[in-house]
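Just so you know, these numbers use all the heavy atoms, side chains as well, and skip hydrogens, waters and symmetry mates. Naming convention: chains lettered A, B, ... in sequence-line order (proteins, then strands); numbering from 1 in each chain.
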Amino acid sequence: MKNTQALSLHVPEPQTRPGDEPDFTRLQLPAAGSVERPGISTPALQMRELAYGLIRVLDEEGRAIGPWNPRVDPETLRRGLKAMLLTRAFDDRMYRAQRQGKTSFYMKCTGEEAVACAQALVLTQEDMCFPTYRQQGLLITRGYPLATMMNQIYSNASDPIKGRQLPVMYSSKAFGFFTISGNLGTQYPQAVGWAMASAYKGDDKIAAAWIGDGATAEGDFHSALTFASVYRAPVILNIVNNQWAISSYHGIAGGDQTTFAARGIGYGLPALRVDGNDFLAVYAATEWAAERARANLGATVLELYTYRAAQHSTSDDPARYRPAEEAGGWPLGDPVLRLAAHLIGLGEWSNEQHAAYQQEAIALVRAAGKEAEAIGTLGQSRPEAATMFEDVYKDMDWRLLRQKREAGF
Amino acid sequence: MPAMNMIQALNSALDNMLEKDPNVLIFGEDVGFFGGVFRVTDGLQKKHGLTRCFDAPIAEGGIVGAAIGMGAYGLRPVVEIQFADYIYPAYDQLVSEAARLRYRSAADFTAPMTIRSPYGGGIFGGNTHSQSVEALFTHVAGLKTVIPSNPYDAKGLLIASIEDDDPVLFLEPKRIYNGPFDGHHEKPVSPWAGHPMSDVPAEHYTVPLGKAHTLREGKDLTVLAYGVMVHVALAAAQDSGIDAEVIDLRTLVPVDIEAIEASVKKTGRCVIVHEATRTSGFGAELSALVQEACFYHLEAPIERVTGWDTPYPHAFEWDYFPGPERVAKAMRRVMEG
Ligand SMILES: Cc1ncc(C[n+]2csc(CCOP(=O)(O)OP(=O)(O)O)c2C)c(N)n1
Ligand SMILES: [Mg+2]
């Protein structure tokens, strides 16, 4: 058959650009409580619709409803809320620190705090997290010292990774936090391999990985899903769909045609699409996926549907490519305010407590800042220079020994 | 002629080629509406249309693979890899495919294409925004590798690369996008305006591939350099008082062996500088070429000044970067040798 019609190349474009009114009317948002909760041993093929729905627990009034309500005790929820507030305060201060010339680079997770902060409460510290640069909430929720994070950001003499990495590329085995790579997507198959190793050894640990909507286009994402499916690896594969990848809207990663959760279906993996700004929904979905993994039922794909409210990084200016008011108009709201409203409704939190903890968080961050800055900001203080030749290999060979000498160390 | 910085010169080259040849199109991460994270494609989508300059998914293997398919169809795609540090997912498509199409099909299929990518350090980018990847590609038969050191060359070489019928890796030293940099990082940054090589014609012109440029004539020794290190070499000559002949290679593959040979035979001494790690770096190839062509003219061993054999450490940027002091030291040693 011969084609008689001239073809044309399709290049997707977002609905709105700077100067336009933000427009989210096309989003289909099912009501809270409307998505069914299957048992963890349900075959993936029988729950495909979960990849196209949206698991939501908190309704417009802040009540927790429906089968996905995780029924978490108020104390745990308060911990989560405080962790989110602390993460936000940390981000604000470090963003300013970069602007003040105290370091070279910073990345915030504003608007996405529920993702890491809720998930950190579900996973144990023995479970290994393979994060991107936007899951600082994992460390903060787990009580990693804020000053140590800052020492890394300042590449100063107390930086635990010796000034080698770009700011925010933390690493802490003790806190179950895998060393962050700047190369997108690479952590995804590694998390699967870690989970396979736990299964191989007959241990009870699971792994979790995070990737952005944009980076799902990388081959590593697809390799990871294949391996996870083939070897039924005990891993949670999170896709943080914050709508943007620097200046590229989610449609450039294929988000106009289908959901990101639906990627899992092609690999025969259960896939849940979750309101990422709903702390309880994130908690519940993660708990479900963790239970499956711990029951040796294999991997789950979670799409956490959220919005990148801040700039991509301190090197970015979103006013150049998206409507200025878009973040404020995000229909799924702010994760901090939504969880606070829920707790207030339960009588377990108040506006006064909220304001007081916001101040406390700022004070905690300020104190950590003092501690880190007393050691030094970028360029004022740094690890011993000779250490730049260490850890390339376990032992230095003659080349590095010679080069170290030539460098004068 | 308007003074242009390197970003403007590259933008002008792309603009000229989009204008001139409907088969030229541009894609890559964030290059469309936004105009690229370094602004090299700024305004091109608006001026030439959505399908001439557009955003790509974050999949470097996909970007290069798609460009090969387009090139084979008859287009001349120009793709951007956002940072050279992120080119590795495209390595298979470049090495096994782009570089091999012509040979394995006996020229039945070819894929003209240009892969642009910012590379090199000096911007506090840490290990994943600083790498110099050239040697991984100069080793590959079937690929050309081009590295400009100033705005005038950047535009002329980019146009020549796009018009070339073979795949060309076009590496852009990002430290000198906005101004020349001689390695004296403590000094204030100077802009390109006022530099003789910032006079860039607005219209189409080419700087031929495979031709080096002698930036400074000298009789004491020859310095072979490219990219940022050209400026460092000039500063080292100035600081040391040694009458060095500084050659900007401009193209690594195919390298201008005639220019190298003529210069080293004249001076009898040679220093090679690059920012990339030392072991199996392009300097090793240059050193071998000089030895083969000029052995009986050499009066001292050839020296290489390079980055150390470590990843690029964030806090130790200037201890890693082979600055003018290290180059001058090597020049003195070669003069004494
Ligand atoms: C392999 C690779 N390609 C490109 C980049 C440059 N880059 C860094 S972040 C980013 C956007 C990522 O977007 P997304 O995956 O959606 O994550 P988000 O930043 O939104 O959290 C890009 C293109 C990179 N770091 N690694
Ligand atoms: Mg994103």
Could you tell me which portion of [X] (side chain, backbone, both or neither) has an atom closer than 4.5 angstrom to a non-hydrogen atom of chain B?
| X | answer |
| --- | --- |
| A:L9 | both |
| A:P383 | both |
| A:P14 | neither |
| A:L184 | side chain |
| A:L400 | side chain |

TODO: Return the minimal non-hydrogen interatomic distance between A:A217 and B:A59, and the atom names on each side.
DONE: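 The pair with the smallest heavy-atom distance is O-CB, 3.3 Å.
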
TODO: Return the minimal non-hydrogen interatomic distance between A:I252 and B:P57, and the atom names on each side.
DONE: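 Looks like O-CG, 3.2 Å.
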
Open item on the list: Counting only heavy atoms from other residues, nucleotides and ligands, does the tally under 6.0 Å from CZ of B:F33 exceed 12?
Closed with: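 Yes, CZ of B:F33 has more than 12 neighbouring heavy atoms, counting only those of other groups under 6.0 Å.
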
Donor-acceptor pairs between chain B and chain A under 3.5 Å, which ones?
| residue | atom | partner | partner atom | Å |
| --- | --- | --- | --- | --- |
| B:D30 | OD1 | A:S247 | N | 2.8 |
| B:D30 | OD1 | A:S247 | OG | 2.6 |
| B:D30 | OD1 | A:S248 | N | 3.4 |
| B:D30 | OD1 | A:S248 | OG | 3.3 |
| B:I58 | O | A:E218 | N | 3.2 |
| B:D85 | O | A:N183 | ND2 | 3.1 |
| B:Y86 | OH | A:G182 | O | 3.4 |
| B:T279 | OG1 | A:R399 | NH1 | 2.7 |
| B:D309 | N | A:Q403 | OE1 | 2.7 |
| B:D309 | OD2 | A:Q403 | NE2 | 2.9 |
| B:H314 | N | A:G163 | O | 3.3 |
| B:H314 | N | A:R164 | O | 3.3 |
| B:H314 | ND1 | A:S155 | OG | 2.8 |
| B:H314 | NE2 | A:S104 | OG | 2.7 |
| B:A315 | N | A:G163 | O | 2.8 |
| B:A315 | O | A:R382 | NH1 | 3.2 |
| B:D319 | OD1 | A:R382 | NH2 | 3.4 |
| B:D319 | OD2 | A:R382 | NH1 | 2.7 |
| B:D319 | OD2 | A:R382 | NH2 | 3.1 |

